[in-house]
Amino acid sequence: MSAPVIELRGVSKRFGKSFDIAARLTHRLSGALGRPYKDQTVHAVDTVDLTIRKGEVVGLVGESGCGKSTLGRMVAGIMPPSDGSVLWQGTDIATLSPEAARAVKLKVQMIFQDPYASLNPRLRVAEIVGEAPRVHGMIPRGTFDAYVDAQLHRAGLDPAYKRRYPHQFSGGQRQRIGIARALAVQPEFLVCDEAVAALDVSIQAQILNLFMDLRAELDLTYLFISHDLGVVEHLSDRVVIMYLGRIVEEARAEEIFAHANHPYTQALLSEVPRIEARKKHFVGVKGEIPSPIDRPTGCHFHPRCPHAMPRCAIEAPALREIAPGHRSACHLNT
Amino acid sequence: MSDMTLEVRNLRTHFFTRAGVVRAVEDVSFSVQRGRVLGLVGESGSGKTVTGFSIIRLVDPPGRIAGGSILFHGRDLAKLSEREMRGLRGNRIAMIFQDPMMTLNPVLRIDTQMIETVRAHAKVSHAEARARSRDALGMVGIPSPDERLESYPHQFSGGMRQRVAIAIALLHRPDLIIADEPTTALDVTIQAQILAEVQKLAANVGTALIWITHDLSVVAGLADEIAVMYAGRIVEAGDVATVLDRPSHPYTHGLIGSVPSRNKRGTRLRQIPGMTPSLLDLPEGCAFRARCAYADAACEKDPPTTEPARGHALRCFHPLLEPVA
């Protein structure tokens with residue numbers, strides 16, 4: 001097994017309001033009047049442990065509000081964790097010197113869902129792609145044009161278009177610009193946050209193929225965040241399922257699609273529309289996804305779970321290994 | 001009443017823009033029977049939404065219906081006055097949008113909006129209208145509908161809002177519902193809930209449904225028939241098994257082939273080269289020929305719609321006849 005590139009140890013992320021004096025006073029007053037202040041903190045990610053090894057493609061799946069994007073941002077170093085630590089090749093990035101931290105940040109790049117919102121509409125493509133490597137001194141003097149051409153070409157774009165602006169491209173081409181920009185700083189690790197969700201099926205296939213080609217060509221490691229299980233199944237070596245800030249299950253892709261253990265994973269897999277299905281009888285998991293502000297006690301899934309027991313409402317199940325490389329957080333396993 | 005709810009014949013909807021005429025919908029024909037679900041599938045810009053908007057007559061200038069007929073129980077909707085159309089819209093024909101906030105007014109309570117809709121088409125008392133609204137909310141699976149009637153749209157989650165929008169569409173038990181990507185913005189488990197409700201309704205109420213989507217997997221499980229659109233035309237249509245299991249048009253074939261679950265895990269996906277052409281300057285003849293592996297000189301002419309088998313329509317000179325593995 002290859003060495004871990006990224007390790008998350010007990011990582012949490014909370015978003016809360018910061019209160020001014022007036023707000024604090026109001027809370028204290030209402031507390032004195034017997035109406036204690038209700039905590040409004042969003043627990044986006046809650047003590048997550050995750051290891052991603054060199055060359056792996058890890059698929060991160062979950063529904064809205066489960067914290068998958070926040071997790072991706074912490075991995076990419078865009079956002080610091082509230083608790084816990086993120087390790088790059090064994091070193092905690094919080095302990096690195098500013099120069100070393102900057103070097104690590106360049107090694108992890110991110111590709112976003114909305115290819116238009118993530119490109120500066122007032123810059124030409126050559127600037128978008130070439131700016132970061134130039135600032136970081138990666139381009140030898142006088143080779144800027146050749147460097148940018150090579151990046152565009154690798155992402156499947158005609159370098160002749162480099163004088164154009166983002167709005168002159170289609171959605172699929174814009175996503176290729178985003179990919180060219182990410183690869184321009186020679187990263188080793190890509191975080192793709194719903195990178196193909198906004199694209200049409202035929203374009204989505206082209207971009208997924210590009211990701212697979214680049215993986216082979218540049219020996220990249222991916223964290224592939226998606227709600228689309230079909231895409232994740234196709235691309236990933238390992239799949240991680242999140243629900244409301246916690247990892248509920250993690251296993252090799254074949255294993256999770258063949259033997260899903262957690263009731264949430266099972267429900268998710270059975271509800272995915274499949275092109276092979278004919279006049280399928282849709283059932284639907286009962287209930288709604290709870291809010292990360294007001295989370296259920298114990299196991300977060302228990303209000304919707306068909307197997308919930310009294311214990312599930314009290315005690316949060318730990319993520320434990322149920323088979324080699326297969327972890328699941330459910331009381332049914334104990 | 002005949003079983004044929006809607007019959008669209010040679011519909012053409014064009015947008016007369018300054019840059020030229022955009023033929024968003026060109027010579028489109030299909031029909032939907034009572035209690036049946038038609039999946040109208042296509043990628044962005046294929047004209048699927050404009051087709052839906054044309055049926056309910058919501059196409060805004062510079063667009064207009066340039067030809068063809070839309071027979072709703074034998075009445076041509078394309079020829080109705082705006083006043084007559086208003087009598088049908090929300091009454092016999094309803095629409096569900098991708099974004100439920102297009103249906104809901106953010107500053108009015110749900111009961112106000114629903115009662116208004118009921119009384120727009122039925123002479124009933126306020127109390128009766130409220131009772132009907134409550135029943136409709138119950139029907140789409142909203143818990144404690146009496147209390148929820150008093151809420152504002154922002155107090156609902158995305159999935160619940162879409163349910164309210166569906167409940168409003170159902171108030172008059174319409175004969176036809178046009179649903180434009182109604183579950184695209186929703187999570188998988190919530191989408192399954194909505195699909196379950198819709199399936200029940202089509203079966204119990206006998207409503208005909210047009211489900212507009214880009215997602216082949218959703219219509220595979222939901223629809224009876226599928227019509228695939230490309231660059232403003234229906235290139236292939238037929239029952240779900242025919243179109244999805246034995247696609248004859250190279251575009252349908254390519255589209256199905258590019259769905260990840262149709263490919264071996266970890267292998268390169270089969271992809272359609274190139275991209276959708278701009279509707280402003282479509283090539284002469286078959287619009288797909290620039291991306292098609294089978295295209296030849298014959299394709300420079302417009303392929304006519306043929307019927308290789310009963311209920312299977314096709315627009316191609318070189319259909320794939322062998323079954324696809």
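Here the structure is a predicted model, which is why all the values come from computation and not from measurement. Below, chains carry the letters A, B, ... as their sequence lines are ordered, and counting in each starts from 1.
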Counting only heavy atoms not in [X], do more than 12 sit closer than 6.0 Å to its [atom1] atom?
| X | atom1 | result |
| --- | --- | --- |
| B/Glu147 | CD | no |
| A/Arg252 | CZ | no |
| A/Phe257 | CZ | yes |

Closest heavy-atom contact between [X] and [Y]?
| X | Y | value |
| --- | --- | --- |
| A/Asn209 | B/Leu269 | OD1-N, 2.5 Å |
| A/Ile275 | B/Ile256 | CD1-CG2, 4.0 Å |
| B/Gly274 | A/Gln206 | O-NE2, 3.0 Å |
| B/Val188 | A/Glu63 | N-OE2, 3.4 Å |
| A/Val201 | B/Leu255 | CG1-O, 4.1 Å |

Name the member of B/Ile272, B/Leu216, B/Leu195, B/Val218 that forms the most heavy-atom pairs with chain A at distances under 4.5 Å.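 Sorted descending by pairs with chain A, the first entry is B/Leu195.
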Please confirm whether the backbone N or O of A/Glu271 pairs with a side-chain atom of B/Gln191, one donor and one acceptor, at under 3.5 Å?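 No: the side chain of B/Gln191 does not pair with the backbone of A/Glu271.
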Please classify the contact between A/Ser270 and chain B as side chain, backbone, both or neither, with a heavy-atom cut-off of under 4.5 Å.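 The answer is neither part of A/Ser270.
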Side chain, backbone, both or neither: which part of B/Lys200 has a non-hydrogen atom closer than 4.5 Å to chain A?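 Neither part; nothing is under 4.5 Å.
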Determine, step by step, whether A/Ser202 and B/Gln271 satisfy the side chain to side chain donor-acceptor pair (under 3.5 Å) criterion, reporting the C-alpha distance in whole Å, the side-chain angles of both residues, the deciding distance to 0.1 Å, and the verdict. CA-CA 6 Å; A/Ser202 69; B/Gln271 61 180 46; over 6 Å; no
Check: A/Asp213 and B/Arg268 side chains under 4.5 Å, non-hydrogen atoms: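 Yes. Closest side-chain heavy atoms under 4.5 Å.
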Please examine the side chains of B/Ser261 and A/Arg274, heavy atoms only from C-beta on, and report whether any two atoms are closer than 4.5 Å.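 They are in contact (side-chain heavy atoms under 4.5 Å apart), so the answer is yes.
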From A/Glu254 CD over to B/Arg265 CZ, what is the distance, rounded to the nearest 0.5 angstrom?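 So the gap between those two atoms works out to 4.5 Å.
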Once you round to the nearest 0.5 Å, how far does CG of A/Asp200 lie from OG of B/Ser258?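 OG of B/Ser258 is found 10.0 Å from CG of A/Asp200.
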